[in-house]
Amino acid sequence: MNPEENKPTDFIREAVTEDLKSGRFNYVRTRLPPEPNGYLHIGHVKAFMIDYLIAKENNGELILRFDDTNPVKEETEYVDAIEDDARWLGIKWVKVTYASDYFDELYNWAVKLVMKGLAYVDDQSPEEVSAKRGTLTEPGKNSPFRDRDVEENLDLLERMKNGEFPDGSRVLRAKIDMAHPNINMRDPVMYRILHEPPHHRTGDKWKIYPMYDWSHGQNDSMEGITHSLCSLEYLNHRPLYEWFLEQLEVFKPRQIEFARLNMNYTVMSKRKLLRLVQEGRVQGWDDPRMPTLRAMRRRGYTAEAILDFNQRTGVSKVATINSGVMAEMALLEACVREDLNKRALRRMAVLRPLKVVIDNYPEGQVEEMDAVNNPEDTSAGTRKVPFSKVLYIEQDDFRETPPPKYYRLFPGNEVRLRYAYFIKCTHVVKNDAGEVIEVHATYDPSTRGGDAPDGRKVKSTIHWVSAAHAKEAEIRMYDRLFTKEDPEEGEEGFLGCLNPNSLTVLTGYVEPHLSAPKAGDRFQFERQGYFCADLDTAPDKPVFNLTVTLKDTWAKIEKRG
RNA sequence: UGGGGCGUGGUGCAACGGCAGCACACCAGCCUUUGGAGCUGUGGAUCUUGGUUCGAGUCCAGGCGCCCCAGCCA
C-alpha cells in the first residue's frame, strides 16, 4: 500500500501544511500543556497524540509544558505520573518546561501592557467583579477603577506582587471592552493574589499568579510554539489569545481547536474521577475500572491498543456532548482484543469451578497433554498440560437441563476437553440444597489429543484444569463502572448510576503454567478473555485482572432466549 | 436569550461540485480442537426548506437541533 494514501489527514494537519506552504511559519513546534492536578485519562490521549504526531510528521518539536499557574490544585506527584504515562504511550518531547518558568518574564509583559494603558488594577471584590460582568444578553459595567493612571497601576501591581495585599482584594485586569458580546473579552482577570499554598516549584516567591488566558498564549509565544492545539472549549478564548499577542507585539502562534474525546459508560472529568477516589467508590487512581492510563495499564491494556483506538476515532470539530464526541467503549475493547489476540499466550483457567470425575480413568494416572500456546503465532510454541482423573471445568459449561442450542456438557452429551479427550456425562451428584456439586463422566481413550479415530464429531470443546495440579488464583472480573452510557446526564448524577457489579472477585483454578506470573504478564484464558497479572500478584497467590472478555456468541444467543 | 462552534447509518470518521465509503456495533451464514480468531453477506445515513448548477453531503439564504461561554479554574 502506498503510505502517502494512508497518511491520516484532518483539518488541523491541513492547516499546518498550509501554514508551512504559505510561509506563515517555516517550522513546526507544538506543546503539550497538562495541568499537574490529576492523572492522565483516555480522553487526554487524543490531545497528546495530536500534538506529538503533528510535530513529528513535520520534522518539528514537541515541548512538554506543565501548566502550573494555580498552586491550590497542583502537585509534583502528578508531574511525575504524567511524564511516565506519556512515555508509556511512546511520546517524545525535546524538553520539559513549566508555566512557572516564565513567571518573571510574564510579569514584565504585564507591566508593558499597563504602561500601554491596556491593563489596570481593580480593587473590586470578587463579588463585585462578577456582578458587573453582565450576562449572556446584557453588557457588563465598567469598574470604577478602570481609568486609574498608569503610575498608580504600576505601583499597585508591584505591591500586589510583593504581597502587600490580602487574597481577593485586588486583581490585574486587561482593559478591553465590558460590553463585548464575547464574555471572555470583558476585561478578563490577568493576575489574582494568592498567598497560600506555596507553589510546587516557586515556593513562596510569588503572591500573584497568572490566569490561564494570561499565561498560556504568552508562554506559547515565548517558546516559539507555531501551533497551539487545544480542545473546543477554548474557541471562545481565541480572540483573547490573539488580542494579548497583538498588543504585546510579539511572536504569534496559531491556536486551533478540536473536539474532545468522551467515552460512554465512564466519566472523564478530573473532578469527578477525584471524587470516585476520595469517596472510596474505587480503590485509587489506578483501580482497573478507572479510565485513567494508569488504571488501564494495570488492567492489561497495551499502549498499541490505545493508540489504535485513538487513531480510529479521528479528529473533528463535532461537539455533541461536553465539547466533544462520545466514542464507544466497544471500539476500545475491539482494539485491545485485536492486539492481544495476536500476542497473548493461551492458557487454561477455570474461573467458577465445577468438579468432574472421569470414572473410567485410572486412579493416580497423569498424562501430559500437548497444548498450543498461540494459534495466531506458531513461533509461540507448545506446552505440556497435566491431565488426570479429577478435573475442574467451568460451571457455565455444564447444565443439568440444557436450554435450546446449548451444546456443552449435559447428561448424555459428549464434548471435547481441549487438547485431551472426549468425555460423556453419565450422572451428577447433588448436595442437600439440590445443587450439582460433582459431574461424573466417562472418557474415550481413543480420542487422546482431541480427535476420534472413527471420525465422530462433538459440537463443543471446553477447557479444564487437573484438580491435583491446579493452582488457586484470585481473579478480578471487571465490568463497566457506570450503568448509563452518559453517567453525567440525568437527575441523580454520576454517583447515582455506579454499577454495583463493576468488580467481582473470584477464586479459580489455573493450569501450572499460570502459577507464578510476573505482574503485567498478559494471557488469554481460553474461551474467556484476556487477563493480566496484577500488581498484587504474589509467589504463593497469583492475582489476575480481566482486561476484556472474548466475544461471547453464546451469551448473546442465551440472552435473546 | 447575546456571542461562537457544529449537524453524514446506532457510534466515530471519509467523500475537498461528479456512483455516499470505512471501522466498530448490529443481523444472517460459512468455518472451527477457543460458541475465540478468521471469512462471506444483509440492513441501515447526508437535520430541514428554498436557491445556484447539467449535477449539491459539499456552494448560498432562511429555519430547526446540539455543544461551549457569565471562575480571582484550566
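- The phosphate of B:C27 (OP1 or OP2) has a side-chain N or O of A:K556 nearer than 4.0 angstrom.
- Here the nucleotide nearest the side chain of A:V318, chosen from B:C6, B:C68, B:C73, is B:C6.
- The nearest whole Å value for the distance from the CD atom in A:E328 to the C1' atom in B:G9 is 12 Å.
- Note on A:D451: a base of the nucleic acid sits closer than 4.0 angstrom, heavy atoms only.
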field: Nucleotide-level pairing of RNA chain B, given in dot-bracket where Watson-Crick and G-U pairs need both distances under 3.5 Å and | marks other strands
entry: .((((((..((((....[..))))..((((.......)))).....(((((..]....))))))))))).....
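- Listed for the A:H463 side chain is a donor-acceptor partner under 3.5 Å among the backbone atoms of A:A349.
- Base engagement by A:V171 is indicated by at least one non-hydrogen atom pair under 4.0 Å involving a base atom.
- The A:Y212 side chain lies nearest to B:A74 when the options are B:A70, B:G35, B:A74.
- A:Y443 has its ring centre less than 6.0 Å from the ring centre of A:Y421.
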- request: Classify every nucleotide of nucleotides 36-45 of chain B by which part a protein heavy atom approaches to under 4.0 Å, writing B for the base, S for the sugar-phosphate alone and - for neither, in 5'-to-3' order.
  value: BS--------
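- Between A:R201 and A:D68 there is no salt bridge, since no side-chain N of the basic residue sits under 4.0 Å from a carboxylate O of the acidic one.
- Residues A:E338 and A:R312 are paired through a salt bridge, judged by an N-O separation under 4.0 Å between the basic side chain and the carboxylate.
- Under 4.0 angstrom from either OP1 or OP2 of B:C73 there lies no side-chain N or O belonging to A:R271.
- Among the protein residues, A:V72 comes within range of no part of the nucleic acid, since none of its heavy atoms lies under 4.0 Å from any strand.
- A straight line from CG of A:D187 to C1' of B:C69 spans 17 Å, rounded to a whole angstrom.
- Here A:L417 lies out of heavy-atom contact (under 4.0 Å) with every strand.
- Between the P atoms of B:U11 and B:G3, the separation comes to 30 Å (whole Å).
- In this structure, B:G71 shows a glycosidic angle within 90 degrees of zero, which is the syn conformation.
- Atom-to-atom, NZ of A:K457 to P of B:U34 comes out at 11 Å; the value is rounded to the nearest Å.
- Residue contacts for A:R238: at a heavy-atom cut-off of 4.0 Å it reaches no nucleic acid atom on any strand shown.
- Contact of A:N70 with B:C73 (side chain to base): no donor-acceptor pair of N or O atoms is detected under 3.5 Å.
- Nucleotide B:G9 holds its C1' atom 16 Å from the CG atom of A:L331, rounded to whole Å.
- Separating the CD atom of A:E196 from the P atom of B:C72 is a distance of 21 Å, rounded to the nearest angstrom.
- Between A:E394 and A:R527 there is no salt bridge, since none of the side-chain N atoms of the basic residue sits less than 4.0 Å from a carboxylate O of the acidic one.
- Note on A:T320: every side-chain N or O is 4.0 Å or more away from OP1 and OP2 of B:C67.
- Among the heavy atoms of the strands, none lies under 4.0 Å from A:E128.
- In summary, the aromatic rings of A:F66 and A:Y98 are positioned with their centroids under 6.0 Å apart.
- Nucleic acid contact class of A:Y407 (heavy atoms, under 4.0 Å, all strands): base.
- One finds a side-chain N or O of A:S130 lying less than 4.0 angstrom from the OP1 or OP2 phosphate oxygen of B:G71.
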task: List the steps and the verdict of side chain to side chain contact (heavy atoms under 4.5 Å, CB included) for A:F523 and A:R346.
output: CA-CA 6 Å; A:F523 303 94; A:R346 313 291 134 118; over 6 Å; no
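- Whole-Å rounding puts the A:D10 CG to B:A15 C1' distance at 15 Å.
- In this structure, A:N262 contributes its side chain and A:M268 its backbone to no donor-acceptor pair below 3.5 Å.
- Look at A:R186 and you won't find any side-chain N or O under 4.0 angstrom from OP1 or OP2 of B:C69.
- B:C72 atom C1' lies 16 Å from atom CZ of A:F165, rounded to whole Å.
- Residue contacts for A:Y419: at a heavy-atom cut-off of 4.0 Å it reaches a base atom on one of the strands shown.
- Residue A:Y234 has its side chain nearest to B:A74 when only B:A74, B:C24, B:G12 are considered.
- Counting any heavy atom pair closer than 4.0 Å across all strands shown, A:R560 reaches sugar-phosphate atoms only and no base atom.
- Spacing between atom CG of A:L235 and atom C1' of B:G3 amounts to 12 Å, rounded to whole angstrom units.
- Salt-bridge check for A:D451 with A:R448: failed, with every basic side-chain N at 4.0 Å or more from each acidic carboxylate O.
- A donor N or O paired with an acceptor N or O is found under 3.5 Å between the base of B:C16 and the side-chain atoms of A:E14.
- Here CG of A:L106 is found 6.5 Å from CG of A:N219. Values are rounded to the nearest 0.5 Å.
- For the pairing with A:W464, the ring-ring contact (aromatic ring centres under 6.0 Å, His included) check across A:F398, A:Y392, A:F387 returns one residue only, A:F387.
- Among B:A70, B:C24, B:C73, the nucleotide with an atom closest to any side-chain atom of A:I183 is B:A70.
- B:G12 and B:A25: their C1' atoms are spaced 11 Å apart (whole Å).
- Across all strands, A:S169 comes closer than 4.0 Å to no nucleic acid atom at all (heavy-atom distances).
- Each of A:L136 and A:H237 has a nearest nucleotide on RNA chain B; the 5'-most of these lies closest to A:L136.
- Within 4.0 Å of A:Y406, counting heavy atoms only, lies at least one base atom of the nucleic acid.
- At a threshold of 4.0 angstrom between heavy atoms, the contacts of A:R312 are confined to the sugar-phosphate backbone, with no base atom among them.
- Between A:Y39 and A:Y78, the ring centre distance stays below 6.0 Å.
- Between the CE atom of A:M329 and the CZ atom of A:R480 there is a distance of 7.0 Å, given to the nearest 0.5 Å.
- Comparing A:I321 and A:L232 by the nucleotide of RNA chain B whose heavy atom lies nearest to each, the residue mapping closer to the 5' end is A:L232.
- If you check every strand for non-hydrogen atoms under 4.0 Å, A:H463 touches nothing.
- Base engagement by A:T135 is indicated by at least one non-hydrogen atom pair under 4.0 Å involving a base atom.
- For A:N236, the listed nucleotide lying nearest its side chain is B:G4; candidates were B:C13, B:C26, B:G4.
- Contact annotation: A:R133 side-chain N/O to B:C72 OP1/OP2 distance is under 4.0 Å.
- With both ends at atom C1', the span from B:G21 to B:U8 equals 11 Å, rounded to whole Å.
- Residues A:Y212 and A:Y234 place their aromatic rings such that the two centres sit under 6.0 Å apart.
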